[in-house]
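Below is one structure, written out as structure tokens; comments come after it.
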Amino acid sequence: MSKVTFRVGPKSYTVATAKGDEDRVASLGAIINEKYALLGTQRAVQEVDNLVFAALFLADELDETRKAVDAAKKEAEDARSNADTATRQASENAEHEKAKAGGKKAELRAEIDTLRKAEERAREENKQLKAQMAEMREAARHQHDLFGEDALAAKLEALADRAEQTAAAFEKSA
């Protein structure tokens, strides 16, 4: 156990303290002396009254400090709450956007599949039309006098128009 002596106003005080706390107690004594000095020439006759007034100064400072700490804690809690709300909202927005993107992606895949099927049908129809055209040319070469050249030409013209329409539809859908 150690002893620390400090001055408050005109009087010295000796206080017993634990080892290592000497500087802290001396510092606190200096603060009390500082508040005592605020009394200036308005000091009371009784020294105890002067110490009470110095203690009131310290109590007032302590009260203001506690209020400031409480206000800072409240502000920190509000900020934390606002941050939590903002984080939660951002997460919900991100999930919503992700779901929308997933839906759009599925929609685009379905459209691609539809276009691929249409392309395949158009290719198949084009192939059939080419085969029919080749058959008609072959038949025309051997039997052109049975149908007459005008009838064969009209059929070939119609077949060519149909092939062009199919190709145009295919290009449009791709």
Side-chain angles (χ1 to χ4, degrees), residues 1-128 163-174:
M1 181 80 42
S2 295
K3 289 187 178 186
V4 175
T5 302
F6 57 89
R7 197 164 185 79
V8 176
K11 190 170 179 184
S12 292
Y13 295 90
T14 301
V15 178
T17 183
K19 288 257 187 221
D21 284 343
E22 296 90 350
D23 290 340
R24 172 99 173 114
V25 171
S27 175
L28 293 173
I31 292 171
I32 295 169
N33 190 42
E34 181 182 313
K35 296 304 174 187
Y36 183 90
L38 291 176
L39 294 172
T41 59
Q42 303 299 319
R43 292 190 183 126
V45 177
Q46 296 278 326
E47 194 62 26
V48 172
D49 292 342
N50 293 325
L51 290 175
V52 167
F53 288 121
L56 284 173
F57 288 141
L58 290 170
D60 181 51
E61 255 184 49
L62 177 62
D63 184 54
E64 291 298 320
T65 301
R66 284 180 178 169
K67 286 178 183 175
V69 167
D70 289 344
K73 283 181 182 178
K74 174 74 170 118
E75 190 175 314
E77 286 175 20
D78 290 347
R80 189 176 308 116
S81 176
N82 290 342
D84 290 346
T85 300
T87 300
R88 188 171 35 259
Q89 184 65 40
S91 178
E92 289 172 5
N93 288 346
E95 287 299 319
H96 178 69
E97 290 300 318
K98 185 177 175 184
K100 276 177 42 179
K104 188 68 172 174
K105 187 176 178 181
E107 197 177 298
L108 290 173
R109 282 186 178 158
E111 190 174 337
I112 288 170
D113 287 344
T114 301
L115 290 173
R116 283 184 179 153
K117 289 175 185 175
E119 177 186 14
E120 188 58 38
R121 283 192 305 270
R123 285 179 193 264
E124 188 60 39
E125 188 175 342
N126 196 18
K127 186 177 171 183
Q128 289 172 359
E164 286 177 9
Q165 289 172 356
T166 302
F170 170 72
E171 287 177 8
K172 193 176 186 181
S173 68

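- Side chain of T85 to backbone of S81: a donor-acceptor contact under 3.5 angstrom is found.
- Across all non-hydrogen atoms, the minimal contact from G29 to V8 is O-CG2, 4.3 Å.
- For residues 7-24, the side chain to side chain donor-acceptor pair (under 3.5 Å) pairs, not counting sequence neighbours, are S2-E22, T5-T14, R7-S12.
- Heavy-atom contacts from other residues, nucleotides or ligands closer than 6.0 Å to CD of E64 number more than 12.
- Once rounded to the nearest 0.5 Å, the distance linking CG of L115 with NZ of K117 reads 11.0 Å.
- By the side-chain contact (heavy atoms from CB on, under 4.5 Å) test, E125 is found to be paired with L129, R162, T166, residues two or more places apart in sequence or in another chain being considered.
- V25 is listed as a side-chain neighbour of F6, based on a closest heavy-atom distance under 4.5 Å.
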Do any side-chain atoms of residues 97-114 form donor-acceptor pairs under 3.5 angstrom with protein atoms, and if so which ones, sequence neighbours left out?
from : atom 1 : to   : atom 2 : distance (Å)
T114 : OG1    : A110 : O      : 3.0

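- Going from atom NZ of K73 over to atom CZ of R80 covers 11.0 Å, rounded to the nearest 0.5 Å.
- Smallest separation of non-hydrogen atoms from G9 and Y36: CA-CE2, 3.2 Å.
- Taking CG of L58 as the reference point, atom CG of D63 lies at 12.5 Å (rounded to 0.5 Å).
- In this structure, the separation between CG on N33 and CG on L28 is 12.5 Å, given to the nearest 0.5 Å.
- Closest approach of M1 and A18 over heavy atoms only: SD-N, 4.3 Å.
- Between E120 and R116 there is no salt bridge, since no side-chain nitrogen of the basic residue lies less than 4.0 Å from a carboxylate oxygen of the acidic one.
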